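Here is how names work: the chains are called A, B, and so on, in the same order as the sequence lines, proteins then strands, and each is numbered from 1. None of these values were measured; they are calculated from a predicted model.
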Amino acid sequence: MTDGFASLLDELKWRGFFAQCTDEDGLAARLAEGPLTAYIGFDPTADSLHIGSLVPIMGLVHLQRWGQRPLAVVGGATAMVGDPSGRTELRTMLTVEQIEANLAGIRAQLAHYVRFGDGPGDGVMLNNADWLRGYGYIEFLRDVGRFFSVNQMLARDSVKTRMENGLSFIEFNYMILQAYDFVVLNRDHGCVLQMGGNDQWGNICSGIDLCRRVNRAEVFGLTFPLIATATGAKMGKTAAGAVWLSAGRTSPYDFFQYWVNVDDRDTSRFLRMYTLLPRAEIERLEQLEGADLRQAKQVLAREVTALLHGPAAADEAAQAAAALFGGGDQEDAVPGSERPAADLAGDGLALLDALVQSGLLASKGEARRLVRQQAVKVNGETVADELRLLTAADVQDGRIALQVGKKRHHHLRFG
RNA sequence: GGGGGGGUUCCCGAGCGGUCAAAGGGAACAGACUGUAAAUCUGUCGGCAGACGCCUUCGGAGGUUCGAAUCCUCCCCCCCCCA
């Protein structure tokens, strides 16, 4: 299980999860004493998490693999406030109903990664609305607010970066609420470690201070690096937008493809961070160079997809990709849609309409442009005529294969 | 509350009565080159229309004008200084 690593911290460092620790020696000593409880917070700003949350998620996974107890705290209350960290503008505020719905979605997704339950090392999911929502303002100020120095709060990076663009009072309070979370988790669940992205450093430190004052407890903080791709972009941006963990928002095929298409320079780092492959296997893959790196990316894609969607879905996605890019013939998982055969009757179905209705392109103008740029293919043949109509004659094996550019595919299947 | 400066197409940022769907940069997309990578070069980059062209957009609502992103009025929001 330890895979040659001396400790959890050792593995986290090797895998690239270690940015800063408030007291590394102290935490190492505490870990050596026996299992501990640690937590990471997630913002329920959408009903699905996206790839950007994968680092903290994997943080919980490693924690559990090393026998520690992970707490996933969903910020049902703090989402109503909005964390200014890493933001330059006011977040849109969510309604209670939206947050409730988002919580449910996120809970289901985390369950793919973390084993929740009542056992010793089982994870627990908590919602900070349970202890924050009913707290009275005056009481909260007296109990918690008195421990905070405005001078210190103003010195936080999360606040400083907002001084230019403005920071609302409600956001200014965020760090206090998050700090209080840590106090509650420490008091009621014995939690002694908070982890999070490096942009959470200030909030985490606030929590540690508060725990010391209120609970007289010694607790720790550990942050993960903020991940950007080799080209400097944020994780998970594609033509279609963010890469989501929800299969409904990002299909397993598209999810798989995202990882296959990562920059060469990111391959090794991502293998370490986003897969659970043994160290030796990763080190072997890291030896690959040039075009052979594709093999490493295939492994990366398969592993990451399997963790989220399961091995079967990962295989299916891999086979679909092989069919489209490598000459395999297993096409069932290629993204597609069903249409009634009647659409092809008469003059046929306008290609431009088909491209838009399939979701492949956003507008007919864009479709027209791309046809003129020789970027659209039907059944592998480049289309020259933007007025092209699809008819029954185009159907092969029960479907018409549409392609835009080199990588975007869609199969129209006819009943 | 007073004074000053702002809100422009995904982002930054020009424009300040017509030649503006709106300079420039970034992002993005496509083509070439490749390895489903990067870099580079070229093209595209509001919607509809085969095309002529039509429509919607420059914080919001009105108004002036043949004509407004550009002028006027009111309103909303942001930043800075003063109280």
Side-chain angles (χ1 to χ4, degrees), chain A residues 84 86-93 159-171 228-243 251 253-271 285-286 288-302 304-305 317-328 331 333-335 347 350-353 355-357 359-377 380-389 401-410:
Chain A
R87 293 242 155 196
T88 52
E89 297 176 349
L90 176 63
R91 284 190 192 217
T92 48
M93 287 203 244
V159 173
K160 273 198 286 193
T161 55
R162 286 291 294 275
M163 292 311 279
E164 268 298 301
N165 300 306
L167 176 72
S168 74
F169 182 68
I170 191 173
E171 294 176 287
T229 64
T231 47
K234 272 188 184 171
M235 254 326 259
K237 296 282 292 285
T238 66
V243 180
S251 70
Y253 169 82
D254 287 325
F255 187 84
F256 182 91
Q257 282 298 297
Y258 175 81
W259 297 100
V260 168
N261 284 303
V262 300
D263 194 295
D264 280 9
R265 294 165 289 179
D266 290 326
T267 314
S268 152
R269 194 161 51 116
F270 288 180
L271 279 167
L285 292 168
E286 285 171 341
L288 298 171
E289 290 179 358
D292 291 338
L293 267 172
R294 280 177 302 166
Q295 293 169 36
K297 292 180 190 178
Q298 286 288 336
V299 174
L300 172 68
R302 192 182 290 255
V304 180
T305 307
Q319 284 166 3
L324 294 173
F325 295 100
E331 298 192 345
V334 175
D347 289 341
L351 172 62
L352 298 186
D353 288 325
L355 288 168
V356 175
Q357 285 161 22
L360 221 37
L361 297 174
S363 71
K364 291 173 71 175
E366 181 180 24
R368 186 171 288 135
R369 240 179 272 125
L370 286 163
V371 170
R372 288 177 185 165
Q373 289 180 106
Q374 317 257 300
V376 176
K377 290 179 182 167
E381 300 281 320
T382 301
V383 175
D385 176 15
E386 61 191 79
L387 297 178
R388 173 79 143 79
L389 295 169
L402 301 178
Q403 181 179 352
V404 174
K406 295 188 183 71
K407 294 178 193 167
R408 282 182 282 174
H409 298 267
H410 187 96

Going by the rule ring pair (Phe, Tyr, Trp, His ring centres under 6.0 Å), which residues pair with A:Y253 if we only count those two or more places apart in sequence or in a different chain?
none
Reference residue A:L370; test side-chain contact (heavy atoms from CB on, under 4.5 Å); the match among A:L355, A:V376, A:L352, A:L360
A:V376
Which whole number of Å gives the distance between the P atom of B:A14 and that of B:G59?
14 Å
Atom CD of A:Q403 and atom P of B:G31 are separated, to the nearest Å, by 9 Å
Between A:A375 and A:V262, which has a closest nucleotide on RNA chain B that is more 5'?
A:A375
Distance col, row A:W259:CH2 vs A:Q298:CD, nearest 0.5 angstrom, shows 14.5 Å
When the C1' atoms of B:U64 and B:C52 are compared, how many Å lie between them, rounded to an integer?
33 Å
Pairwise C1' distance for B:A69 and B:U57, with rounding to whole Å:
10 Å
Between A:Q374 and A:T382, do the side chains contain an N or O donor and an N or O acceptor separated by less than 3.5 Å?
no
Whole-Å gap separating C1' (B:A37) and NZ (A:K407):
8 Å
Residues passing the side-chain contact (heavy atoms from CB on, under 4.5 Å) test with A:Q403, sequence neighbours excluded, are A:K377, A:H409
Here the distance between atom C1' of B:A30 and atom CD of A:Q374, to the nearest Å, is 11 Å
Output the rounded distance in Å from CG (A:L288) to P (B:A38).
18 Å
Return the set of residues passing side chain to side chain donor-acceptor pair (under 3.5 Å) with A:K406 (not counting sequence neighbours), or none when no residue passes.
none
Write down the distance between NZ (A:K406) and P (B:A30), rounded to a whole number of angstrom.
8 Å
Between B:C20 and B:C55 - C1' atom distance, rounded Å:
16 Å
For A:L285 and A:L288: C-alpha separation, side-chain torsions, deciding distance, then whether side chain to side chain contact (heavy atoms under 4.5 Å, CB included) applies.
CA-CA 6 Å; A:L285 292 168; A:L288 298 171; 4.0 Å; yes
Base, backbone or nothing for each nucleotide of nucleotides 42-51 of chain B, written B, S, -, heavy atoms under 4.0 angstrom, 5' to 3'?
-BSS-SSBSS
Between the side-chain atoms of A:D292 and the base atoms of B:G35, is any donor-acceptor pair under 3.5 Å?
no
Quick one: on RNA chain B, does A:V260 or A:G405 contact a more 5' nucleotide (nearest heavy atom)?
A:G405
With respect to the side chain of A:R408, which nucleotide from B:A38, B:C29, B:A32 is positioned closest?
B:C29
For B:C58 versus B:G6, give the span between their C1' atoms, rounded off to a whole number of Å.
14 Å
Distance alone, cut at 3.5 Å: any donor-acceptor contact between the side chains of A:D264 and A:T267?
no
Could you work out the separation of B:U34 and B:U70 based on their C1' atoms and round it to a whole Å?
48 Å
Taking the C1' atom of each, how far is B:A27 from B:C11, in whole Å?
7 Å
Does A:E386 have any side chain to side chain donor-acceptor pair (under 3.5 Å) partners at least two apart in sequence or in another chain, and if so, which?
A:R368, A:R372
Stems where RNA chain B pairs, listed by first number, each of three or more Watson-Crick or G-U pairs under 3.5 Å
B:1-7 with B:76-82, B:10-12 with B:24-26, B:28-32 with B:40-44, B:46-48 with B:53-55, B:59-63 with B:71-75
Could you tell me the separation between the CG atom of A:L360 and the C1' atom of B:C29, rounded to a whole number of Å?
13 Å
Of all the choices, B:G31, B:G35, B:A30, which nucleotide is nearest to the side chain of A:L370 once you look at every atom?
B:A30
Is any side-chain heavy atom of A:L351 less than 4.5 Å from a side-chain heavy atom of A:L402?
yes
Checking all strands, does A:Q295 fall into the base, sugar-phosphate, or nothing category for heavy-atom contacts under 4.0 angstrom?
nothing
If the cut-off is 4.0 Å, is A:K377 near the phosphate of B:A30, judged by side-chain N/O to OP1 or OP2?
no
Distance check, C1' atoms only: B:C71 and B:C82, in whole angstrom units.
31 Å
Got a donor-acceptor contact below 3.5 angstrom from the A:R269 side chain to the A:D266 backbone?
no
